[in-house]
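This report concerns only the one structure given below.
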Amino acid sequence: MSHSCIHWFRKGLRLHDNPALLAALRDCRRLYPIFILDPWFAAAANVGINRWRFLVGALKDLDRSLRELDSRLFVVRGKPGDVFPELFREWSVTRLTFETDTEPYSQQRDKEVLRLAEEHGVEVIQKISHTLYNIERIIEENNGKAPLTCVRFQTVVKTIGPPQRPLPSPTLQEMNGKCTETHDEKYGIPTLEELGKDPQLTGPEIYPGGEQEALRRLDKYMERTGWVCSFEKPNTSPNALSPSTTVLSPYLKFGCLSVRTFWWRLVGIYQGKKHSQPPVSLHGQLLWREFFYTAGRGISNFDRMEGNPVCVRVDWDSNLEYLSAWREARTGFPFIDAIMTQLRQEGWIHHLARHAVACFLTRGDLWISWEEGQKVFEELLLDADWALNAGNWQWLSASAFFHQYFRVYSPVAFGKKTDKNGDYIKDFPAGITQTRTKVNKKGT
DNA sequence: ACGAGAGTTGCATCA
DNA sequence: CTGATGCAACTCTCG
């Protein structure tokens, strides 16, 4: 029981299936669970207010769960490169644990932190738990390159075998007495005001952040075993008034829900039953996430056209008025405008709705670069996930992975298939509207 | 090496 | 309602 440990939460904002947190608890005398919030980043980042609220919710939830285990979350203000040397000294830290993150930005940041830890004689333990597989291993198995088709991807992961099973949450017994510091005023959960955001500008909170809500939502959908077994993504509706899919994506993005917990829950339900298969099944959806994470790790400049070896070079137009009209939901196409309105208000739109507006912005109608669309999604989606966002934008603009440019979504006909009465376009009128509550919207 | 076959989820039209 | 077809001709994988 000699170690003084920091567990650094970044993504992975949960207690269940958190191998790095469990590693911190081994031979541990004192544990400091931290989240680092960089005020400069908060001011500069392209993150919309609804996602800030989701993050704050997730941090509150994590703190509450830790307090139930006689611990707490320390939200440390500053840049990782500045705060770690101070924390190492102040808390006499001997070990630092965190979850592996494969994004280029994170890899850069973590390289610096590894260097600082070494300087201060701090042991670092990293664990993979944000993805089903070790992404590096998938690339190795495919001869050092990210697979470019889903069939190829599935072939490669089959050689690796099934994903690891999720681990249990730490118990009160394991956590007990390892947290002695309080400093509520110094390390408290931030408010939106502290982040320089006006809470009045948030939309209705339909998808609250946090592990508790993630697991509640998972339970709710997994109860419907018939629905789970027959799930086929292309047959779900992009414009249903209540979501036709699980909306677990924001929880997976922040790691409030472990993808391995989700995967194995599905295995249990599929067991002995006839069920749909990848790529259209729910397992298939998790494999797509893995597919794009692998692409983001293995392909250079993955979020850009320039310098990106898999991205077709297109001479896109730069029509600022068209771009604004798309972003502000005033293209004049009610289906497109309704989707963009829902995106701004609620922070989540159905995957096929993303297809419709992405095709419209790029190859379908406006001929504007997918990178512009990527920025708007990055800001407004609760589930904005670097690799998935870049990958899907390249897909939909027929820049990479998908190349059948003549399959274009009609901005009129596509929505009509699943919304004959136009209920969705009435529910989400064009243009930037004031925040409305669900109650007002339904007119009740 | 090179060609055949396949590729998460299109649309309009026609039988 | 379901399924076949033309549209026009892309890129990746695999044998």
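Just so you know, these numbers come straight off a predicted model, no measurement behind them. Order of the sequence lines fixes the chain letters, A, B, ..., with proteins taken first and strands second; residue numbering starts at 1 for each chain.
Comment: A:Asp61 engages A:Arg64 in a salt bridge, judged by a side-chain N to carboxylate O separation of less than 4.0 angstrom. Using a cutoff of 4.0 Å between basic side-chain nitrogens and carboxylate oxygens, A:Asp219 and A:Arg265 are scored as salt-bridged. Under 4.0 Å is where a charged nitrogen must lie from a carboxylate oxygen, and between A:Arg216 and A:Glu213 at least one such pair does. The residues A:Glu328 and A:Arg330 are annotated as salt-bridged, a charged nitrogen and a carboxylate oxygen being separated by less than 4.0 angstrom.
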Pair up each side-chain donor or acceptor in residues 365-377 of chain A with any protein partner under 3.5 Å, not counting sequence neighbours, and list the distances.
| unit_1 | atom_1 | unit_2 | atom_2 | d |
| --- | --- | --- | --- | --- |
| A:Trp367 | NE1 | A:Asp315 | O | 3.3 |
| A:Ser369 | OG | A:Glu371 | N | 3.0 |
| A:Glu371 | OE2 | A:Met305 | N | 2.8 |
| A:Glu372 | OE2 | A:Lys375 | NZ | 3.4 |
| A:Gln374 | NE2 | A:Asp303 | O | 3.1 |

Let me have the donor-acceptor pairs involving side chains of residues 134-145 of chain A, under 3.5 Å, with sequence neighbours excluded, atom names and distances please.
| unit_1 | atom_1 | unit_2 | atom_2 | d |
| --- | --- | --- | --- | --- |
| A:Asn134 | OD1 | A:Glu136 | N | 3.0 |
| A:Glu136 | OE2 | A:Arg297 | NE | 2.9 |
| A:Glu136 | OE2 | A:Arg297 | NH2 | 3.3 |
| A:Arg137 | NE | A:Glu141 | OE2 | 3.1 |
| A:Arg137 | NH2 | A:Glu141 | OE2 | 3.2 |
| A:Asn142 | OD1 | A:Arg152 | NE | 2.9 |
| A:Asn142 | OD1 | A:Arg152 | NH2 | 2.9 |
| A:Asn142 | ND2 | A:Lys145 | O | 2.8 |

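Residues from residues 414-421 of chain A with heavy atoms under 4.0 angstrom of DNA chain B, sorted by number: A:Phe414, A:Lys417. Taken residue by residue, residues 399-410 of chain A places heavy atoms nearer than 4.0 Å to DNA chain B at A:Gln404, A:Arg407, A:Val408, A:Tyr409, A:Ser410. Within residues 296-313 of chain A, no residue is approached by DNA chain B to less than 4.0 Å at the level of any non-hydrogen atom. Using a 4.0 Å cutoff on non-hydrogen atoms, the parts of residues 137-150 of chain A near DNA chain C are A:Leu148, A:Thr149, ordered by number.
Rounding to the nearest 0.5 Å places OG1 of A:Thr246 at 10.5 Å from OH of A:Tyr251. One distance of note links CG of A:Asn392 with CZ of A:Phe402; it measures 12.0 Å at 0.5 Å rounding.
Taking A:Gln108 as the reference, nothing meets the side-chain hydrogen bond (donor to acceptor under 3.5 Å, both in side chains) condition, with sequence neighbours excluded. Scored by the side-chain contact (heavy atoms from CB on, under 4.5 Å) test, A:Glu193 finds A:Thr191, A:Pro199 as partners (sequence neighbours excluded). The side-chain hydrogen bond (donor to acceptor under 3.5 Å, both in side chains) test applied to A:His355 returns A:His351, A:Tyr409, not counting sequence neighbours. Partners of A:Asn239 according to the side-chain hydrogen bond (donor to acceptor under 3.5 Å, both in side chains) rule, which considers only residues two or more places apart in sequence or in another chain, are A:Ser237, A:Thr418.
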| Between A:Leu195 and A:Ile49, is a side-chain contact (heavy atoms from CB on, under 4.5 Å) present by the stated rule, with each step listed? | CA-CA 10 Å; A:Leu195 297 166; A:Ile49 187 152; over 6 Å; no

| query | Given A:Thr97 and A:His7, is the side-chain hydrogen bond (donor to acceptor under 3.5 Å, both in side chains) satisfied, shown in steps? | reply | CA-CA 5 Å; A:Thr97 65; A:His7 175 72; 2.8 Å; yes

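To the nearest whole angstrom, the two P atoms, one in C:dA9 and one in B:dG7, are 22 Å apart. Between C:dA8 and B:dT8, the distance separating the two C1' atoms is 22 Å to the nearest Å.
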| Using Watson-Crick and G-U wobble pairs with both distances under 3.5 Å, what is the 5'-to-3' dot-bracket string of DNA chain C, with [ ] for crossing pairs and | for pairs outside the strand? | .||||||..||||||

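Contact footprint of chain A on DNA chain B: nucleotides with an atom under 4.0 Å from a non-hydrogen protein atom, first to last in 5' to 3' order, B:dG7 to B:dA12.
Other residues, nucleotides and ligands contribute over 12 non-hydrogen atoms within 6.0 Å of the CZ atom of A:Arg115.
Each of A:Lys11, A:Arg10, A:Lys253 was scored for a salt bridge (charged side-chain N to carboxylate O under 4.0 Å, His left out) with A:Glu103, with one residue passing: A:Lys11.
Counting only distance, with no hydrogens or angles, the side chain of A:Glu174 and the backbone of A:Thr171 share a donor-acceptor pair below 3.5 Å.
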